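Being a predicted model, the structure only gives us computed values, none of them experimental. Letters go in sequence order (proteins before strands), and every chain restarts at 1.
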There are 2 protein chains.
Amino acid sequence: MKHTKLWYLKKFNLLETFSAEEMISLKDVLIDNVVKKKQPIYLAGDPDENLYFLKEGRVKISRIDESGKEFTIILLEPGEIFGELGLFDDSPRETAAIALEDSIICMMKRRDFEKYAINKPELSFKLNKLMGLRLRQIESRIEELLFRDVPSRLARLLLRLFEQHPRETTNGTRINIKLSQQEIANLVGATREMTSMVLNSFKRSGLIRIESKYIYLIDRKELEKIAR
Amino acid sequence: MKHTKLWYLKKFNLLETFSAEEMISLKDVLIDNVVKKKQPIYLAGDPDENLYFLKEGRVKISRIDESGKEFTIILLEPGEIFGELGLFDDSPRETAAIALEDSIICMMKRRDFEKYAINKPELSFKLNKLMGLRLRQIESRIEELLFRDVPSRLARLLLRLFEQHPRETTNGTRINIKLSQQEIANLVGATREMTSMVLNSFKRSGLIRIESKYIYLIDRKELEKIAR
DNA sequence: CTACTTTTGTAATCCATTTTACAGAATTTC
DNA sequence: GAAATTCTGTAAAATGGATTACAAAAGTAG
C-alpha cells in the first residue's frame with residue numbers, strides 16, 4: 001500500500017485528458033444512463049462493446065460462477081472508468097458490473113474511444129497505467145487469498161475501504177457505502193456466516209462500530225495489527 | 001478458455017510491431033542478456049525501470065510473501081513481454097521474475113519504449129490488449145482459487161500447460177517445461193505435499209504420465225472432467 | 001563411484017473455514 | 001402498519017487441505 005489515500009482514484013479520471021472543445025465533441029458519443037440499485041450494467045457473457053465512466057453512485061465488478069457464487073473484484077467510486085479495459089477485444093465479458101446504489105453511468109462505444117486514443121497517446125498511456133494498477137491490485141488480492149486468514153483479509157478490506165471510500169462524519173470516519181454482510185463476504189472471499197462472526201468479533205473488541213450498514217472506524221491501530 | 005492454443009502467445013509479440021528499419025534503430029536500446037536457470041531477472045522491491053522480452057527459455061513471474069511462500073502468477077514462453085506492464089510507473093516491483101531454464105532476455109528502458117510508443121499508437125494498443133488479457137487471466141485464477149478444489153485446479157493447470165507449452169514427441173504430447181512439484185504447487189496455490197498426492201492419483205488413474213519431470217498427456221477427456 | 005543435496009511419497013494429526021440449520025432482527029412492499 | 005422478504009447471529013458438525021514428520025528416490029558434484 002504505497003500509494004495512500006486517493007492517489008489512484010483521482011489520478012485516473014480519464015475524461016480529464018480531454019480539452020474543453022474535445023469534451024463538446026465528445027458529447028455526441030457519450031451517453032448518460034441511470035441505473036437503479038442492484039441493477040446490472042452488464043453481465044458475464046454480454047458482448048464487450050462499451051466503456052463506462054461512473055459519474056455518480058457505486059458499482060461493483062464481480063465474477064459469478066455457474067452455481068451463483070460471487071467474488072467481487074473491485075468497488076468503483078465516481079470518476080472511475082470500467083468495462084474490461086483490454087480495448088478492442090471482441091470476446092464476451094467475463095465479469096458483471098452491478099450498481100450498489102442508484103448510479104449515473106456515462107457510456108461510450110469502444111470504437112469511438114479508440115478513435116480518440118489514436119490521436120492522443122496520452123490517453124493510451126493513462127489507460128495503460130490504470131490497467132497496470134488494477135493488475136497489481138488484483139495480484140495482491142490473490143496473495144491475500146492464499147496467504148492470509150479471514151480475519152486478516154477482512155481487516156485489510158476494511159482498511160482499504162476506509163481509504164478509498166471515506167466519509168468524515170461527526171460520529172467519526174465511516175466507509176461511505178452501505179454494504180451487506182454478503183457483499184463484504186464476496187469481497188474477502190469467505191462465506192456470509194464467517195464474515196458475520198469475524199465482523200462481530202471486531203465490534204466486540206472495539207475496532208469498529210456499525211450503524212445502519214455504515215461501518216465506522218474506531219481503532220485503526222488494532223485493525224492494522226490484525227491485518228498484519 | 002475461449003482462445004485456445006497459442007492465440008494469446010503469438011498475437012502479442014510486440015516486437016513484430018516494428019518495421020525492419022525500426023528494428024535496426026532499436027538495436028541501440030535493446031540489450032541481450034543471458035540468465036542462468038534459477039536466477040532472478042528482478043525481485044520484488046527492485047526499482048522498476050525496464051521492460052523485458054523473453055527470447056529463449058522459460059521465466060516465471062511470482063509473488064513471494066515475507067515468510068517465503070510463493071505463488072506463481074504466470075509462466076512465460078519465448079516471444080512474451082514482461083516487467084510490470086503499467087508503463088511509466090516508478091513504484092517498485094511487487095513481483096519477482098525468475099528463470100526456470102537458462103534463458104535469453106532482451107531488455108529495454110521503459111523510457112525508450114515510451115518514446116517509441118508516442119509515435120506508435122499501435123504499440124500502446126497492443127500493450128493495452130495484452131494487459132487486458134493478463135487481467136482476465138488473473139481474474140480467472142482468483143475464481144479458481146475460491147471456487148475449485150486442488151484436484152480441479154491442478155487438472156486445469158495441466159490442461160492450460162498442455163495448450164501453452166506443448167511439445168509433440170513420439171511418446172505423446174508433453175508439457176515442454178521441467179517443473180518440480182514445488183513449482184506446480186506454486187502454480188495451483190497448494191502445498192507441495194497435496195500436489196504430490198493429487199499428481200500421483202492422476203498417474204494411477206491413467207490421466208498422465210511423468211518421465212524425468214516432463215508430464216505427458218494420456219487422457220484429456222478425464223482430465224477435463226476433473227477440471228469440471 | 002560415493003557423498004551430498006534436492007526432490008518425492010505417504011500418512012497421521014490438526015485446524016480454519018464451510019456447511020447446515022434455524023431463529024430473530026431489520027427492511028421493504030403493498 | 002401488517003405481511004413478506006431480505007438480512008443477521010450463532011453454533012454444531014463435517015471437511016479439505018495444511019502441518020508435521022520421515023524415509024526413499026533421484027539428481028548433482030567432487
Open item on the list: Just to verify, what does A/Asp219 make a side chain to side chain donor-acceptor pair (under 3.5 Å) with, not counting sequence neighbours?
Closed with: none
Atom pairs, protein N/O to nucleotides 17-20 of chain C N/O, distance under 3.5 Å:
residue, atom, partner, partner atom, Å
C/dT17, OP1, A/Val150, N, 2.9
C/dT18, OP2, A/Thr191, N, 3.4
C/dT18, OP2, A/Thr191, OG1, 3.1

Task: side-chain contact (heavy atoms from CB on, under 4.5 Å) involving B/Ser196 - partner list, sequence neighbours excluded - done: B/Gln181, B/Arg192, B/Asn200
All N/O pairs under 3.5 Å across the protein-nucleotides 3-8 of chain D interface:
residue, atom, partner, partner atom, Å
D/dT8, OP2, A/Gln181, N, 2.7

Open item on the list: Just to verify, what does A/Thr72 make a side-chain contact (heavy atoms from CB on, under 4.5 Å) with, not counting sequence neighbours?
Closed with: A/Lys60, A/Ser62, A/Glu70, A/Leu75, A/Asn186, A/Leu187
Task: Whole-Å distance separating the CD1 atom of B/Ile210 from the C1' atom of D/dA25 - done: 14 Å
Task: B/Tyr42: ring-ring contact (aromatic ring centres under 6.0 Å, His included) partners, not counting sequence neighbours - done: B/Tyr52
Open item on the list: Using the side-chain contact (heavy atoms from CB on, under 4.5 Å) criterion, which residues pair with A/Ser212? Sequence neighbours excluded.
Closed with: A/Tyr214
Open item on the list: Run the side-chain contact (heavy atoms from CB on, under 4.5 Å) test against A/Lys37 and tell me which residues pass, sequence neighbours left out.
Closed with: A/Asp102
TODO: May I ask you to check whether A/Glu56 and A/Ser103 show a side-chain donor-acceptor distance below 3.5 Å?
DONE: no
Task: Non-neighbouring partners of B/Thr169 that pass side chain to side chain donor-acceptor pair (under 3.5 Å), sequence neighbours left out - done: none
Task: Net bend of the helix from C/dC1-D/dG30 to C/dC30-D/dG1, end axes of five pairs each, nearest 10 degrees - done: 60°
Task: Between D/dA18 (P) and A/Phe147 (CZ): distance, integer Å - done: 11 Å
Task: Residues which pass salt bridge (charged side-chain N to carboxylate O under 4.0 Å, His left out) with A/Arg141, listed by chain and number, not counting sequence neighbours - done: none
TODO: Name all residues meeting the salt bridge (charged side-chain N to carboxylate O under 4.0 Å, His left out) criterion together with B/Arg228; count only those two or more places apart in sequence or in a different chain, and write none if there are none.
DONE: A/Glu66
- [ ] Find the distance B/Ile184:CD1 to C/dG9:P and express it as a whole number of Å.
- [x] 10 Å
